[in-house]
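Working notes, beginning with the structure itself.
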Protein chains: 2
Amino acid sequence: MAGVSVATVSKVVNNRYGVAAGTSERVLAVVEELGYESSLVARSLRRTSTNVIGVLVAEFEPYSTELLKGISAAVDGTGYELLAYAGRTDGGAQTGWERRSLSRLAGTLVDAAIVVTPTMVLSSDSPVPVVAVDPHTGPEGTPTVDSDNTTGAREAVEHLIDLGHRRIAHLGGRPDLESARLRELGYRQALEGSGIAVDPLLIKVGGYRPDLADAPVRTLLDRPDRPTAVFAANDLSAIHVLQVAQELGLRVPQDLSVVGFDNIPESWGSAPPLTTVAQPLHRMGAEALRMVLDLLEGTARERHLRLPTSLVVRASTAPPPR
Amino acid sequence: MAGVSVATVSKVVNNRYGVAAGTSERVLAVVEELGYESSLVARSLRRTSTNVIGVLVAEFEPYSTELLKGISAAVDGTGYELLAYAGRTDGGAQTGWERRSLSRLAGTLVDAAIVVTPTMVLSSDSPVPVVAVDPHTGPEGTPTVDSDNTTGAREAVEHLIDLGHRRIAHLGGRPDLESARLRELGYRQALEGSGIAVDPLLIKVGGYRPDLADAPVRTLLDRPDRPTAVFAANDLSAIHVLQVAQELGLRVPQDLSVVGFDNIPESWGSAPPLTTVAQPLHRMGAEALRMVLDLLEGTARERHLRLPTSLVVRASTAPPPR
DNA sequence: GTGAAAGCGCTAACAG
DNA sequence: CTGTTAGCGCTTTCAC
């Protein structure tokens, strides 16, 4: 339409040298008129860099979206764009989605990737820089960002012990995640530190999800010698404990204390507002972005960043009954 | 590596007929060993469909991430994947990002798109089905999902009037969004319905963002005859009103009542918890996904879906002082 | 049942 | 300064 070849249009659009001012102007006018934008797909297939950072998640739930908010705020002004991708997890395997997503996107669509809660060790031969948030395993291989899960969990349980609780259950997270193991470790440390025996019957797997936590929570609360407090491995499952407790006619915190982990916005206004261990999620997202950009520019410093947690006491914890 | 051509591999990977069982098996084994996944980019360039639904946002903030949660939950089991894209908005124009993002992704990367709060009328010649959430303009052209902004706003302001407020300010939204205009309309309707004159000095533009709302809020609250209540066009700016009020030594709700709009999780636990107009954000996301899938399958029914709002009274509203 | 070849929209190298 | 050509990784005819 501008009477030039596609090659020339490409040069104009990409500000390459060697185009006559008049031609450039004419092409730009047509581009404007047609509202032409180069296809991200075709461009990425040909070029080595796309200026797009990928955020790979299993699904969009409160934890990943909080990180996303932090990443999004931090990306502003860097010139990069964000592409958050949730591959299929329904039909196929729950595990390994991140490897699949990574090989589908990396090397072409995205220049680098932030992987949220990967379920397995990321192969280090990824064609692009990768940073993992809340990884499967400890700080080996892939650079990671996480928070001090053990200390956070310990403080949460110590808070319950300080209130006078002795029968404290733990609703665990996803066994395939380092964070879940460390939170259980913190739970055990707190009990042992106070000379309270760990009762295996009081430790259940909640999988970080309300649907997976439902049955174990009912098992926990439906027994005559039920615990007086539950430390849940994340807020989502803690909020589910709140709901089940209400169904069973248990008052929180009078009959049952509940503590969560994460401090997602949903925990601020649960009924009652949840006592929880705050992770600096926005900051974790922002730091993950910074790390991945550092990697991209070859100015990487630390390979692993662990941020502090802090206990937020709200209304779901109180001394045990009687 | 399997001793066959790329064409054969493609057939195996895509389950095409005409491949010997033995060959297929051998190729699959190598695929497994190598962890091969086809490049989404190359595949989308060649094929017409990708099984990916795009969600186009300006940035990842509470409103868009709440929709995303609803979309993500609804996509489960449909066989589609989700790709949320935030194009650059920093350097260039704040407006028109959706057209740019759409032409970069549509036709190749995504089979269909959900555009969140587009700032302009979407051209109807998009190569893929598009649904807009909270659009620039009313229900013409592009199918849309929104909520009953006018009624919601009217009820919010009537709540303030019922409490005895007469000097009620309105911190408006983004003038380029239909929702902002309708919320102001509801505000005016409520005042007029109660015989209260609309004071133009009490209407400011907050742009739905804390940073843009800051100056107007201070102008509003820093005057001797300041309003006794503020109806903010969304929760994010309402929460900012809460913060500015605190800075200025005004107690909420004793000295100042504040109402927001959206009911994002952040509003549940603000200090004090925010009275707000709830939009069914998760459901809006789910419905937008359903509509876009209907469009894709040619079974589209309604072109426009308007969901009801509901007033949630929390602790940021009370009768005016004196 | 398999592979060679074309082509998706674009960019980079090179020829004119 | 501009156009022709090749090729990014894949899928799809169409020969063999």
Side-chain angles (χ1 to χ4, degrees), chain A residues 1-31 34-52 54 81 87 100-111 125-128, chain B residues 1-31 34-52 54 81 83 85 87 100-111 125-128:
Chain A
M1 189 161 155
V4 294
S5 70
V6 286
T8 302
V9 174
S10 175
K11 282 172 196 156
V12 171
V13 169
N14 294 293
N15 272 316
R16 296 274 177 278
Y17 294 109
V19 182
T23 311
S24 179
E25 220 168 281
R26 192 151 32 91
V27 171
L28 251 21
V30 176
V31 163
L34 260 41
Y36 169 85
E37 273 306 328
S38 68
S39 156
L40 179 60
V41 164
R43 167 177 290 206
S44 12
L45 195 55
R46 199 66 182 76
R47 297 184 71 164
T48 42
S49 107
T50 56
N51 265 283
V52 177
E81 312 192 324
R100 180 165 180 271
S101 293
L102 208 46
S103 39
R104 296 202 72 185
L105 303 189
T108 42
L109 237 202
V110 302
D111 288 352
D125 63 347
S126 164
V128 300
Chain B
M1 189 161 155
V4 295
S5 70
V6 286
T8 302
V9 174
S10 174
K11 282 171 196 157
V12 171
V13 169
N14 293 292
N15 272 315
R16 295 277 176 276
Y17 294 111
V19 181
T23 311
S24 180
E25 220 169 281
R26 190 151 32 90
V27 170
L28 251 20
V30 176
V31 163
L34 259 42
Y36 169 85
E37 270 309 325
S38 69
S39 157
L40 179 60
V41 163
R43 166 177 290 204
S44 13
L45 196 55
R46 199 64 182 77
R47 296 183 73 162
T48 42
S49 108
T50 57
N51 264 284
V52 177
E81 313 194 320
L83 163 5
Y85 182 74
R100 180 164 179 272
S101 294
L102 207 46
S103 38
R104 294 201 74 185
L105 304 189
T108 41
L109 237 203
V110 302
D111 288 351
D125 62 346
S126 164
V128 299

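Each chain gets a letter, A, B and so on, in the order the sequences are listed, and its residues count up from 1. The basis for the numbers below is simple: all heavy atoms, side chains too, and nothing from hydrogens, waters or symmetry mates.
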*asked:* Using whole Å, what does the distance between atom P of nucleotide dG9(D) and atom CD of E37(B) come to?
replied: 16 Å

*asked:* If the cut-off is 4.0 Å, is R43(B) near the phosphate of dT11(D), judged by side-chain N/O to OP1 or OP2?
replied: yes

*Between C1' of dT12(D) and OH of Y17(B), the distance in whole Å*: 17 Å

*Choosing from dC10(C), dA12(C), dG3(C), which nucleotide comes nearest the side chain of S38(A)?*
dC10(C)

*Whole-Å distance between dT2(C) P and E25(B) CD?*
12 Å

*Any side-chain N or O of T23(B) less than 4.0 Å from the OP1 or OP2 oxygen of dT2(C)?*
yes

_What's the closest nucleotide to the side chain of A7(A) if the choices are dC10(D), dT2(D), dT4(D)?_
dT4(D)

*Round to a whole Å and report the spacing from CG of L40(B) to P of dC8(D).*
19 Å

*Presence of S39(B) side-chain N/O under 4.0 Å of dG9(D) phosphate oxygens OP1/OP2*: no

*Please report, rounded to the nearest Å, how far the C1' atom of dT11(D) is from the CG atom of L45(A).*
13 Å

*Scan V9(A) against the nucleic acid and name what it touches under 4.0 Å (heavy atoms): base, sugar-phosphate only, or nothing.*
nothing

*Whole-Å gap separating P (dC1(D)) and NZ (K11(A))*: 11 Å

*Base, sugar-phosphate, or nothing for G3(A), non-hydrogen atoms under 4.0 angstrom?*
sugar-phosphate

*asked:* Taking side chain to side chain donor-acceptor pair (under 3.5 Å) as the criterion, tell me which of T50(A), N14(A), T108(A) meets it with R43(A).
replied: N14(A)

*With sugar-phosphate meaning primed atoms plus P, OP1 and OP2, does V41(B) contact a base, only sugar-phosphate, or nothing at under 4.0 Å between heavy atoms?*
nothing

*For N14(B) and dG9(D), what is the distance between atoms CG and C1' respectively, to the nearest whole Å?*
13 Å

_Gap separating the OG atom of S126(A) from the CG atom of L105(A), nearest 0.5 angstrom_ = 10.5 Å

*Among the candidates dT2(C), dC10(D), dC10(C), find the nucleotide nearest to the side-chain atoms of Y36(A).*
dC10(C)

*Calculate the interatomic distance between R47(B) atom CZ and dG9(C) atom C1'; express it in whole Å.*
18 Å

*Inter-residue atom distance T8(A).OG1 - R16(A).CZ, 0.5 Å rounding*: 13.5 Å

_Least distance between heavy atoms, A106(B) atom then P127(B) atom_ = CB-CG, 3.9 Å

*If you take all heavy atoms of S49(A) and D111(A), which pair is closest and at what distance?*
CA-OD1, 3.3 Å

*Closer than 4.0 Å, any side-chain N/O of R16(B) to the OP1 or OP2 of dT12(D)?*
yes

*Choosing from dG3(D), dG3(C), dT12(D), which nucleotide comes nearest the side chain of T8(A)?*
dG3(D)

